[in-house]
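Below is one structure, written out as structure tokens, with a few remarks after it.
Index from 1, following the sequence. Counting starts at 1 for both ligands and their atoms, following the listed order.
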Amino acid sequence: MEQRLIYAEQISKIYKSNGRKNAAETKALDAVDLEIWKGEILAITGASGSGKSTLLHMLGGIDTPSSGRIYYGEEDITKFSDKRLSEFRREKIGFVFQSFQLLPELTVEQNVMLPWKLQHQKPDKKDIETILRELGMEEKKEAYPEQLSGGQQQRTAIARALVHQPDLLLCDEPTGNLDYQNGQEVMKLLFLSREKRKQTIVIVTHDEKIAGMADRIYKMRDGKIIQ
Ligand SMILES: Nc1ncnc2c1ncn2[C@@H]1O[C@H](COP(=O)(O)OP(=O)(O)OP(=O)(O)O)[C@@H](O)[C@H]1O
Ligand SMILES: [Mg+2]
């Protein structure tokens with residue numbers, strides 16, 4: 001029997017442009033209901049501006065919805081305090097972004113260790129080595145981001161997201177800045193990681209081929225899931 005990891009109930013997100021008289025409102029998410037099953041790879045597609053990134057941010061507790069509930073297991077994360085929410089993010093969630101978001105002045109290894117550093121914790125060197133090896137980045141661990149190809153930068157960002165063994169990996173256009181070959185490589189690594197760690201992975205993508213590799217696809221339009 002499939003087990004549910006996340007249940008989002010009627011989540012909406014309204015962005016207000018504050019401080020202006022005729023403040024415009026954007027309804028980025030419009031009463032979205034969705035379920036995510038444990039261990040699945042779920043793709044989210046849709047046109048630019050349809051609300052994909054907004055949805056991903058809500059699911060990962062980077063931002064909170066204007067209304068609605070998000071259950072992670074039995075717990076409603078929209079009720080969490082800021083402190084509890086950042087703990088939740090740190091323990092359960094890994095994020096991978098299109099733009100890699102590596103720090104240029106840090107090496108590959110230092111970038112991967114950064115999440116721990118920020119928590120004043122020491123990572124297990126063995127874990128870091130294992131993950132860098134798995135992602136084919138072992139030989140580049142002393143390199144700086146500018147010395148890496150796009151694919152290598154993205155694999156470093158994935159290593160950083162994986163290193164605390166998150167239950168849920170949220171990827172926003174992880175292949176968006178990569179050519180076909182590197183995009184396929186990244187997808188292969190995500191599937192491998194799911195296998196090894198029993199992870200659940202959500203991938204936002206414009207790319208139909210990438211979406212087609214997932215177990216399920218949600219298609220968005222105007223802040224709604226239409227399919
Ligand atoms: N911080 C913000 N403040 C105001 N409006 C926002 C903000 N973030 C997103 N929006 C608006 O919300 C809507 C959904 O944006 P979102 O970034 O979720 O789209 P997307 O589907 O990820 O698009 P893309 O494919 O271009 O990344 C858009 O109309 C966008 O302009
Ligand atoms: Mg986006």
Side-chain angles (χ1 to χ4, degrees), residues 6-36 40-72 77-78 80 82 85-86 88-89 93-102 150-151 153-158 160-161 166 168-180 182-184 186-187 190 200-227:
I6 288 182
Y7 171 45
E9 188 182 25
Q10 295 285 300
I11 50 171
S12 295
K13 179 69 179 180
I14 296 166
Y15 288 113
K16 294 191 181 82
S17 42
N18 284 327
R20 275 192 265 142
K21 260 207 174 135
N22 300 311
E25 287 192 352
T26 305
K27 202 163 201 181
L29 288 180
D30 188 2
V32 168
D33 286 316
L34 68 80
E35 289 174 309
I36 299 173
E40 77 170 335
I41 293 190
L42 173 70
I44 299 177
T45 65
S48 180
S50 58
K52 305 182 297 297
S53 297
T54 304
L55 178 60
L56 210 64
H57 295 167
M58 304 296 137
L59 296 176
I62 291 187
D63 201 353
T64 48
S66 308
S67 61
R69 306 256 161 259
I70 300 172
Y71 296 95
Y72 189 95
I77 67 167
T78 64
F80 284 3
D82 287 352
L85 197 58
S86 65
F88 164 77
R89 276 197 308 267
I93 312 289
F95 283 102
V96 177
F97 301 95
Q98 177 176 11
S99 55
F100 318 139
Q101 302 207 347
L102 301 173
Q153 290 183 48
Q154 189 57 301
R155 282 184 273 146
T156 305
I158 292 171
R160 183 183 53 189
L168 175 63
L169 190 63
L170 299 173
C171 310
D172 200 347
E173 299 277 3
T175 62
N177 273 325
L178 304 177
D179 60 24
Y180 179 77
N182 276 305
Q184 289 295 312
V186 159
M187 287 303 291
L190 292 177
T200 307
I201 304 183
V202 179
I203 302 170
V204 165
T205 182
H206 279 106
D207 188 326
E208 304 257 322
K209 276 210 193 95
I210 298 282
M213 297 168 76
D215 301 318
R216 278 195 312 143
I217 305 176
Y218 280 136
K219 191 163 185 188
M220 295 191 69
R221 186 191 292 156
D222 298 336
K224 291 190 175 79
I225 290 175
I226 54 165
Q227 194 183 310

Any idea which protein heavy atom is nearest atom 12 (O) of ligand 1, and the distance to it?
-> Ala28 CB, 3.3 Å
Is there at least one pair of N or O atoms, one from Gly49 and one from ligand 1, spaced under 3.5 Å apart?
-> yes
With a 4.0 Å cut-off on heavy atoms, is Gly223 touching ligand 1?
-> no
May I ask you to check whether Lys52 has an N/O atom sitting below 3.5 Å from an N/O atom of ligand 1?
-> yes
Closest protein heavy atom to atom 15 (O) of ligand 1, given as residue, atom name and distance to 0.1 Å | Thr54 OG1, 3.7 Å
Tell me which protein heavy atom sits closest to atom 4 (C) of ligand 1, plus the residue, atom name and distance to 0.1 Å.
-> Tyr15 CB, 3.3 Å
Phe88 vs Tyr72 aromatic rings, parallel, tilted or perpendicular, using cut-offs 30° and 60°?
-> perpendicular
Does some side-chain heavy atom of Ile62 sit less than 4.5 Å from a side-chain heavy atom of Ile93?
-> no
Protein heavy atom under 4.0 Å of atom 31 (O) of ligand 1 = no
His206 near ligand 1, heavy-atom distance under 4.0 Å?
-> yes
Who's the nearest protein heavy-atom neighbour of atom 29 (O) of ligand 1, and how far?
-> Thr26 CG2, 3.6 Å
So which heavy atom on Thr45 is nearest to which on Ala211, and how close?
-> CG2-CB, 3.6 Å
Counting heavy atoms only, name the option from Ala24, Ser48, Ser50, Gly176 that's nearest to atom 24 (P) of ligand 1.
-> Ser48
What is the closest protein heavy atom to atom 27 (O) of ligand 1, and at what distance does it sit?
-> Ser53 OG, 3.9 Å
Does atom 6 (C) of ligand 1 have any protein heavy atom closer than 4.0 Å?
-> yes
Give yes if a backbone or side-chain nitrogen or oxygen of Gly51 is under 3.5 Å from a nitrogen or oxygen of ligand 1, and no if not.
-> yes
Considering the options Thr200, Val202, Val96, Ile41, which one meets the side chain to side chain contact (heavy atoms under 4.5 Å, CB included) requirement together with Leu169?
-> Val96
With a cut-off of 6.0 Å (strictly less than), are more than 12 heavy atoms of other residues, nucleotides or ligands near CZ of Arg221?
-> no
